[in-house]
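Naming convention: chains lettered A, B, ... in sequence-line order (proteins, then strands); numbering from 1 in each chain.
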Amino acid sequence: MRDALTRLGIEGDPLVRAAQEEQFGDYQSNCAMVLAKRLGRKPRELAVEIIAHLSIAELCEPPEIAGPGFINFRITPAAMARRLGAIPAAGHAGVERLGIERTPRPQRVIVDLSSPNLAKEMHVGHLRSTVIGDCIARVLEFAGHEVLRENHVGDWGTQFGMLVAYLRRIRPEVERNPESLIIKDLEAFYVEAKTQFDADDTFKAQSREAVVALQQGDATTRRIWQAFCEESLRHCHALYGRLGVRLVDRGESYYNELMQEVVARLEQRRQDDPNSAVRLSEGALCVFLEGFKTRDGQPLPLIVRKSDGGFNYATSDLATILHRVEHLGATRIIYVVGLSQKQHFEMLFAAARKVGFVGEEVSLHHLGFGNMLSPGGKPFKTREGGTVKLRDLLDEAVERARRVLQEPREEDWSAGRPDRASLADADMQRIAETVGLAAVKYFDLSHALGSDYKFDLDTMLSLEGNTAPYMLYAYARIRSIGRKAGIDFDALPATDLVLEHPAEIGLAKTLLRFAEVVQVASDELKPNVLTDYMYELSRAFSRFYDKRLGVRVIDASPETIRLSRLRLCDLTARTLKLGLDLLGIATLEQM
RNA sequence: GCGCCGGUAGCUCAGGUGGACAGAGCAUCGGAUUUCUAAUCCGAAAGUCGCAGGUUCGAGUCCUGCCCGGCGCACCA
């Protein structure tokens, strides 16, 4: 299509995409209508001309023009077989990428994700950033970019003075042996400290002193603080480990010196040009930006140094940008943070550009997401109104998964299905863990990022519909086919594909769309594009394997057909596995 | 008050730069089945896409106004 447009001397996007309905073919192009409008011509005439300049005879049937000027393409089974056949087989280079190429223009990308506060336990509010951020990082990495996952944890501020002082009071041994620190329940520890802080003026004073000591670099205080942060991070990483999330922790404290640098640079700017956007206002050092107003309609600046001389969120965020651009060499920074922070990031980015911290060559992107709500549609809280720990949420999901998985076991015994019924309890626990976590992650990623969603265990653990269990089942089932057919998929040679039956063609068609789907998901940073496809692929497979409308596989004959169908199974399994991997979801060989 | 995001089938949600009668899952109803893992497949019913205007050959999608919900609006992160 692109060539045809070029030959016609027309610039424009071919707008080719999978057809919405089967009657319109496999792919459709809507460009004739768009271009005709621009060129002041009749859409159908232009469509005719475009078709005349196409050279796609060996790819598809002669294209048809329909309606106001749609161009419909129907790929020939032979062409599908060729394309699928070109996907590297087991043992060949590129098999793990299914032949999908890397971007020709790799970037160094920072994904800012998770970012819990170390003073407390991670709670449900951290789930989305962690899961989405990890997925985005995986997708961009797969696309060929160099991705750095930065966990901007909160490890600084007044509350840490309080925590250090409290540790000193009730665990004095920490001072001598900071490495030994274990805090079972971080949340309870914080609450205790806070209660003490509010009730005890002496303790309050000690807390303040600890903050000062921390800032001045007092060795003992820092050791205790560090011990606390490390213990808190161990709590975090227990969860990251379960979730299969890798990231690099870099606390706010890391930027202490850079924050001085940020302020110094801005101060310089202000003094060089008193009329610049950087000005003092009510004693605070501010960056004034266009388009932002306070409640009263006054200009709303980004405050970079408070009137008391202290730093705030904006200061550390600017320092972070400086670090990422100047030290880490990032050309793209993606913040996976809730949508409620939207204005803050707009101001932050505008300010960073205004004061020259980042140039045109660097893109700053706030990938905002909606709230995770309780099943009732209200903010997610415990019955008492407190925050729900992320660990508790995941535990519950796993426990519920275990119950769902165990339900049919009794029947399996009587139905003579030892495949599932014979699973040892340990295996069952492992499977439940995978399924439970997969369900939570998949459910999150299957919603459009910007919208809120209701956390509903029943729905996400359902064995039917667009859920992780359905997808994992589809995968496990295919792997089981390999075992039963006595074929090692990991040693299956490249075979000629035979695509004759509608079920074969339907599956092949869906398989071929994977590369494009990954491309869209990666370009637009939309995980749900991927999940939607995964579901379609799983369904296409179920149809393929259906006893009435599908085809025989394990006992198919002749052997060429059998191998072809097994290869389709394998391609499906590999695609599912890769797709799930991009979502950050582990697969199971058996469930 | 200003700004941003959302309002799509009974429920939960999709809808790539405006495009072919608005899609899916659950739930409902009806089929298939002595299973190559039925944890499946096929089909039906179900929506004036918040409301009212406008732009366009064509609007869930763009513009304006209004209604409803959420979030944000200078020294908290």
>> Could you write out RNA chain B as dot-bracket? Rules: Watson-Crick or G-U wobble, both distances under 3.5 Å, brackets [ ] for crossings, | for pairs with another strand, dot for unpaired.
In response: (((((((..((((.....[...)))).(((((.......))))).....(((((..]....))))))))))))....
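Contacts of A/Asp532 with the nucleic acid, taken as non-hydrogen atoms under 4.0 Å apart, involve only primed sugar atoms and P, OP1 or OP2.
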Taking N or O atoms only and anything under 3.5 Å, show me the protein contacts with nucleotides 74-77 of chain B, one pair per line.
{"unit_1": "B/A74", "atom_1": "N6", "unit_2": "A/Ser281", "atom_2": "OG", "d": "3.4"}
{"unit_1": "B/A74", "atom_1": "N6", "unit_2": "A/Glu282", "atom_2": "OE2", "d": "3.1"}
{"unit_1": "B/A74", "atom_1": "N1", "unit_2": "A/Ser281", "atom_2": "OG", "d": "2.6"}
{"unit_1": "B/C75", "atom_1": "O2", "unit_2": "A/Ser307", "atom_2": "N", "d": "2.7"}
{"unit_1": "B/C75", "atom_1": "O2", "unit_2": "A/Ser307", "atom_2": "OG", "d": "3.4"}
{"unit_1": "B/C75", "atom_1": "N3", "unit_2": "A/Ser307", "atom_2": "OG", "d": "3.4"}
{"unit_1": "B/C75", "atom_1": "N4", "unit_2": "A/Glu282", "atom_2": "OE1", "d": "3.0"}
{"unit_1": "B/A77", "atom_1": "O3'", "unit_2": "A/Glu252", "atom_2": "OE2", "d": "3.2"}

Nucleotide N/O to protein N/O under 3.5 Å, stretch nucleotides 3-10 of chain B:
{"unit_1": "B/C4", "atom_1": "O2'", "unit_2": "A/Lys342", "atom_2": "NZ", "d": "3.3"}

Between protein and nucleotides 57-59 of chain B, what N or O pairs are separated by less than 3.5 Å?
{"unit_1": "B/G58", "atom_1": "O6", "unit_2": "A/Lys37", "atom_2": "NZ", "d": "2.5"}

>> Applying salt bridge (charged side-chain N to carboxylate O under 4.0 Å, His left out) to A/Asp570 and A/Arg567, what does each step give before you reach the verdict?
In response: CA-CA 5 Å; A/Asp570 180 44; A/Arg567 172 74 173 140; 3.4 Å; yes
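When the side-chain nitrogen and oxygen atoms of A/Arg552 are compared with OP1 and OP2 of B/C36, one or more of them lie within a distance under 4.0 Å. Between A/Lys454 and B/U12, a side-chain N or O to OP1/OP2 separation shorter than 4.0 Å is present. Under 4.0 angstrom from either OP1 or OP2 of B/G31 there lies no side-chain N or O belonging to A/Arg548. Applying the 4.0 Å criterion to OP1 and OP2 of B/C13, one finds that A/Tyr535 has every side-chain N and O outside that range.
Of the two residues near RNA chain B, A/Asn466 and A/Ala476, the one whose nearest nucleotide lies more 5' is A/Asn466.
A cation-pi geometry, defined here as NZ or CZ lying under 6.0 Å from the six-membered ring centre and within 45° of its normal, does not hold between A/Arg513 and A/Tyr533.
Closest contact between the side chain of A/Leu549 and the listed nucleotides B/C42, B/A27, B/A14 involves B/C42. Listed nucleotides: B/A32, B/C13, B/G16. Nearest to the side chain of A/Tyr453: B/C13.
Distance noted for atom C1' between B/G1 and B/C11: 37 Å (whole Å). B/U56 and B/A74 are spaced 45 Å apart, taking the C1' atom of each and rounding to whole Å. Using atom C1' as the reference point in both B/U33 and B/A39, the two lie 15 Å apart (nearest Å). With P as the reference atom, B/A59 and B/C49 are 12 Å apart, rounded to whole Å.
Using a distance-only test at 3.5 Å, with no hydrogens or angles considered, no donor-acceptor pair links the side chain of A/Ser115 to the main chain of A/Val153.
For RNA chain B, the residues of residues 537-546 of chain A within the heavy-atom distance limit of 4.0 Å (strictly under) are A/Arg539, A/Ser542, A/Arg543, A/Tyr545, A/Asp546, sorted by number.
With respect to the salt-bridge test (charged N to carboxylate O, under 4.0 angstrom), the residues A/Asp427 and A/Arg430 qualify.
Note on residues 281-305 of chain A: pairs passing side-chain hydrogen bond (donor to acceptor under 3.5 Å, both in side chains), not counting sequence neighbours, are A/Glu267-A/Arg305.
Between A/Tyr442 atom OH and B/G25 atom P there is a gap of 13 Å when expressed in whole angstrom units. Taking atom CD of residue A/Glu524 and atom C1' of nucleotide B/G15, one finds them 12 Å apart after rounding to whole Å.
Evaluation of A/Phe24 against the base of B/A20 yields a stacking contact (centre distance < 5.5 Å, interplanar angle < 30°).
The aromatic rings of A/Phe349 and A/Tyr335 sit tilted relative to each other, their planes meeting at an angle between 30° and 60°.
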